Amino acid sequence: MGVQESYPIDVEAIRADFPILDRQVGGNVESPGESDDDDQPLYYLDNAATSQTPEPVIETISDYYRNYNANVHRGIHQLSQEASVAYEEAHDTVADFIGADGREEIVFTKNTTESENLVAYAWGLAELGPGDSVVLSEMEHHASLVTWQQIAKRTGAEVRYIRITDDGYLDMDHAAELIDDSTKMVSVVHISNTMGAVNPVSDLADMAHDHDALMFVDGAQSAPTHPVDVQDIDADFFAFSGHKMCGPTGIGVLYGKEHLLESMQPYLYGGEMIRSVTYEDATWEDLPWKFEAGTPSISQGIALAAAIEYLEDIGMASIRDHEELLAEYAYDRLSEFDDVTIYGPPGDDRGGLVAFNVDGVHAHDLSSICNDHGVAIRAGDHCTQPLHDKLGVPASARGSFYIYNTREEIDALVDAVADARDLFA
Ligand code: PLP
């Protein structure tokens, strides 16, 4: 059976675009990137943490440094103008990708975490106070949970958490109880990086807006894997990271409705974000530059646009179908073991990841045995520690899938899990 067998996307052609997938691995981490003779193939199933990078994106970065590396916005010289045009147009590409009205609504940040902090500091510190509430869910990533928790402490606002049902969904009745006239912000993860649940963020946005609250959607796992339209969702803010969607590290996105970004004070101050400065005061640049202080991540922004073009060529709806197919396959295969617990909704109703535990085997041991098989998965709390506390486990193992993954790679994971069971039984 070739890798081509019945996938919604051309996995074989896609795999050929990712040089790292030819890597062999075997435990020698002293010389990064090198392989030994007795190494074995890499099965990369840690995509929810960071995805791999295709040739066109690597080539975009290389082309930038070879041919037009220069600072943006301030230069009259040709290289600076070329870099500025490419960097600014990258904002347009991102805007089109998520259905925003234009580049004014797209702020480049370092990652999802910085996008969350930007809103929490720039909007939250100014707008929240005693008597106000911020509604999160029990499945939030620390990027959102810790950030709003700290801003709430500083402003006297209350943080409320929407419960999770026993089958791993958000309890929408509880959401309706929690979101009330005291609520100023609802911030919920679109696809949980632990449960795999795809949350009804558009319904939550309606609930928030019914109470004049704002809706922040953490799209770190959804933007890479699903078609997203921020206007369909009616999100006020939407955040994601380039490194989870074939782009480089060091680049993230904050989408914000223009009138909201317009009304907010900057989060970082310095060069590039000002219009004029005196010894007494300063005025701010137009959007989105008002929120992009200092020299930005230029090559990373341009390469993010290349990554988006790469994903769009494949088709976001087909990528979602591929993710769902692999998630269901992994869920079904792991369910063959009666001592495996999988967290979150059923296999046929989840995003492309599966977090699980094997009775009597610590997730770190499991991950280490997987590594011996060349299978790269994640073990830990996946930055959802309170959720793991609630699940009653300190950690879980997580396989997460992307456009280049195959059923055979999931079989390799299942073989490694079988080995771990034998070893620890
Ligand atoms: N939110 C979710 C749901 C995530 O999965 C992650 C990363 O794993 C983040 C936020 C934080 O992303 P970053 O580390 O790129 O800021």
Side-chain angles (χ1 to χ4, degrees), residues 44-53 94 98 107-121 136-150 161-162 164 168 170 185-201 204 215-226 228 233 235 237-255 267 297 300-301 303-304 307-308 323 327 343-345 350-355 367 376-388 395-402:
Y44 188 79
L45 303 179
D46 192 19
N47 296 284
T50 288
S51 62
Q52 296 303 344
T53 318
V94 173
I98 57 169
V107 179
F108 280 179
T109 60
K110 198 164 69 214
N111 47 35
T112 306
T113 305
E114 189 179 291
S115 301
E116 302 258 12
N117 275 268
L118 194 164
V119 174
Y121 277 86
L136 311 180
S137 82
E138 287 181 338
M139 58 173 98
E140 292 316 300
H141 188 280
H142 294 166
S144 156
L145 194 151
V146 178
T147 305
W148 287 113
Q149 208 173 54
Q150 292 306 313
Y161 296 98
I162 305 167
I164 300 175
L170 275 191
M185 175 65 77
V186 177
S187 180
V188 170
V189 64
H190 198 173
I191 299 184
S192 163
N193 65 313
T194 301
M195 308 295 271
V198 184
N199 290 322
V201 286
L204 288 164
M215 180 74 204
F216 190 120
V217 178
D218 173 348
Q221 298 298 338
S222 63
T225 57
H226 279 55
V228 166
I233 296 171
F237 299 103
F238 186 92
F240 56 101
S241 300
H243 67 96
K244 296 183 195 290
M245 49 190 294
C246 295
T249 51
I251 187 78
V253 174
L254 172 68
Y255 158 81
Y267 165 54
S297 300
Q300 294 92 328
L304 172 61
I308 286 174
E323 292 276 309
Y343 305 106
R350 51 165 54 230
L353 60 95
V354 177
S367 172
I377 60 163
R378 184 137 298 239
D381 63 28
H382 321 307
C383 295
T384 56
Q385 199 178 329
L387 173 61
H388 278 77
S396 60
R398 181 185 70 190
S400 54
F401 319 117
Y402 209 27

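The model shown is predicted, which means the values in this text are computed figures rather than measured ones. Sequence positions, counted from 1, serve as the residue numbers for this chain. Start at 1 and go down the list; that is how both ligands and their atoms are numbered.
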Review point. Hey, is the main chain of T112 close enough, under 3.5 Å, to the side chain of S241 for a donor-acceptor pair?
Key: yes
Check your understanding: Does the side chain of E140 come under 3.5 Å of the side chain of S137 through a donor N or O and an acceptor N or O?
Key -> yes
Exercise for review: Using heavy atoms and a cut-off under 4.0 Å, could you grab the residues that are in contact with ligand 1, chain by chain, numbers ascending?
Suggested key: A48, N111, T112, T113, H141, A143, V189, N193, D218, A220, Q221, S241, H243, K244
Point to revise | Under the side chain to side chain donor-acceptor pair (under 3.5 Å) test, residues paired with N193 that sit two or more places apart | key: none
Point to revise | Heavy-atom donor-acceptor pair, Q221 side chain to A48 backbone, under 3.5 Å | key: yes
Check your understanding: Should F108 and Q300 be marked as a side-chain contact (heavy atoms from CB on, under 4.5 Å) after you check the CA-CA gap, both sets of side-chain angles, and the distance that decides it?
Key -> CA-CA 10 Å; F108 280 179; Q300 294 92 328; over 6 Å; no
Check your understanding: Given the rule in the side-chain contact (heavy atoms from CB on, under 4.5 Å) test, do L136 and V189 qualify, once you have shown the distances and angles that lead to the verdict?
Key -> CA-CA 9 Å; L136 311 180; V189 64; over 6 Å; no
